[in-house]
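Have a look at the structure below, then the notes.
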Protein chains: 2
Amino acid sequence: MKQVLIVEDDENLGKSLKKIMEEEGMNVFLATTLERARTLLSEPLDVIVLDWMLPDGQGIDFLRELRAKNAVVPVIMLTARTDLIDKVLGLETGASDYMTKPFESRELVARVRVQLREKLTGKAREEKVVAGKILINDLDKDFFYDGKKISLTKMEYELVKLLAENPRQTFSRENLLDKVWGYENFPTTRTVDTHVLQIRQKTADDIIETIRGLGYRLGTMGIVSSN
Amino acid sequence: MKQVLIVEDDENLGKSLKKIMEEEGMNVFLATTLERARTLLSEPLDVIVLDWMLPDGQGIDFLRELRAKNAVVPVIMLTARTDLIDKVLGLETGASDYMTKPFESRELVARVRVQLREKLTGKAREEKVVAGKILINDLDKDFFYDGKKISLTKMEYELVKLLAENPRQTFSRENLLDKVWGYENFPTTRTVDTHVLQIRQKTADDIIETIRGLGYRLGTMGIVSSN
DNA sequence: AACAGAATGTCAGCTCATTGTCAGGTTTAA
DNA sequence: TTAAACCTGACAATGAGCTGACATTCTGTT
């Protein structure tokens, strides 16, 4: 049986959705707050329906938390705000779909089914990063360089992914520590150098460019197409 | 609804992009020639995707026409030639982004979304400094002079950036030492002269003007565009 | 116009900060 | 428990930045 989590503070709407989905044979959890939703994450969920605004926080923040934990569960965002930018933002942080309020309950259920099916067939949105000779499949954390799969450690992977996602952009060591290592960890800036070295040795020297006195950025091979 | 213009002579590619973007909720115009594209400029456009080579002219000329009209719409250039990237980005008020063929359609759509967002927040623009023949991309730490990319060292870069950000303003050597070198460092004022020399040699003599007895300022080429 | 003095242009070499590289100890994950 | 990953410190290599010396240009005065 498929398990669905609905995070929605409008109880009427939530219960109505729950009922329809249960008729479809789904097992539905309903949370009216983010706090409650977090406790329900212990369940093995197949789809999450997430409202944009909630009494104790933004749905999008909850989504970010999920993605930070590498959760791959599809998320459908609900929002009353019609301007496109919010939709775009929602999608970029990894929402699989969205709906603007008001909507037909039946349509939402249809979309939930789409997500369930895509999750099964594995054809969901492939999170790929392509930059020159680099290809990154973020779903299974695979890194390819020049057509060959290279085994990278977690930090190496996160580092090169950030650089590949922002080709040409120069990052200072401090900036990289923030973005890749996070604010909780405080390694030396020299740690960055070491990891850059590892990546260079595993691939090619020019994969990462040194901008002396400023930091690192993706090398030109990340810009030049290989064919 | 956001409006996107695609100028691409490969009809298959164009239609495929159109379809994907329309699924994202964008309103897409497709032009296979520059002539057709010009007529579509009457529409209020949010992003333009522009191929490099078109049956009736160069995409880059179309971009120049746009900029001559002070159009601020972001432009994403498509090119198969990797050696032209620096030129595209370095052109005055140049392209906002580029992609080398072949590319993933999804990645292009993602970049269109980035441009839409940046256009709203107005963030990307502030990271570029344009002054006559000078273009500085502070995110990338790239410096372009007269369309050519010039490799500058850290201090050279910081110095010319300050001058380009404040054209017409004359800075004393002491002032430059404070602003560029910072209060922690105490080099001789002659150090400024040396760096000015390096910049002049790497670009052109008249990039920095000497105000005898007072200091330096950006040359007139940095104020009057010479196209 | 010629001159002196000051300001600036120019160059080369030295210094030292930055970065590359590696080994070893510590932590983390299987 | 064991192996891998991570971080750190040490040392080497590199090159940017600084300085001092000398050349050149400019300015104001005679």
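Computed from a predicted model, the values in this text were never measured in an experiment. Excluded from the calculations below are hydrogen atoms, water molecules and symmetry mates; all remaining heavy atoms, backbone and side chain alike, are included. The sequence lines fix the lettering, A, B, ..., with proteins before strands; numbering per chain opens at 1.
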Taking all atoms of both residues into account, what is the closest heavy-atom pair of Ala164(A) and Ile136(A), and its distance?
CB-CD1, 4.1 Å
Give a yes/no answer on whether the side chain of Trp181(A) brings an N or O atom under 4.0 Å of OP1 or OP2 in dC6(D).
no
More than 12 heavy atoms of other residues, nucleotides or ligands under 6.0 Å from CZ of Arg173(A): yes or no?
yes
Interatomic spacing from CG in Asp51(A) to CG in Leu78(A) - rounded to 0.5 Å:
5.5 Å
Of Thr188(A) and Lys202(A), whose closest DNA chain D nucleotide lies nearer the 5' terminus?
Lys202(A)
Does Asn137(B) form a side-chain hydrogen bond (donor to acceptor under 3.5 Å, both in side chains) with Lys141(B)? I'd like the steps, not just the answer.
CA-CA 6 Å; Asn137(B) 188 329; Lys141(B) 307 294 175 193; over 6 Å; no
Closest heavy-atom contact between Thr32(A) and Asp9(A)?
O-CB, 3.6 Å
Round to a whole Å and report the spacing from CD1 of Ile208(B) to P of dT10(C).
12 Å
Terminal helix-axis angle for the helix from dA1(C)-dT30(D) to dA30(C)-dT1(D), with five pairs defining each axis and rounding to 10 degrees
40°
May I have the step-by-step check of side-chain hydrogen bond (donor to acceptor under 3.5 Å, both in side chains) for Asn27(A) and Gln3(A), ending in yes or no?
CA-CA 5 Å; Asn27(A) 189 21; Gln3(A) 305 221 98; 2.6 Å; yes
Rounded distance (Å) that lies between atom P of dG20(C) and atom CD1 of Ile199(A):
12 Å
Look at His195(B) and dA16(D) and indicate whether a side-chain polar atom (N or O) is within less than 4.0 Å of OP1 or OP2.
no
If you count the non-hydrogen atoms of other residues, nucleotides and ligands that lie under 6.0 Å from CD in Glu35(A), is the total more than 12?
no
Take atom OH of Tyr157(B) and atom P of dG17(D), then tell me their distance rounded to the nearest Å.
14 Å
Counting only side-chain N and O atoms of Thr191(B), is one of them less than 4.0 Å from OP1 or OP2 of dT19(D)?
yes
Let me have a per-nucleotide readout for nucleotides 11-19 of chain C, 5' to 3', with B, S or -, counting only protein heavy atoms under 4.0 Å.
B------BB
Can you find a heavy atom in the side chain of Val49(B) that is under 4.5 Å from one in the side chain of Val112(B)?
yes
Send over the distance from Glu158(A) CD to dA5(D) P, rounded to a whole Å.
15 Å
What's the spacing between Leu176(A) CG and Arg217(A) CZ if we round to 0.5 Å?
13.5 Å
Round to the nearest Å and state the distance from Met155(B) atom CE to dT19(D) atom P.
12 Å
Whole-Å gap separating C1' (dA3(D)) and NZ (Lys154(A))
18 Å
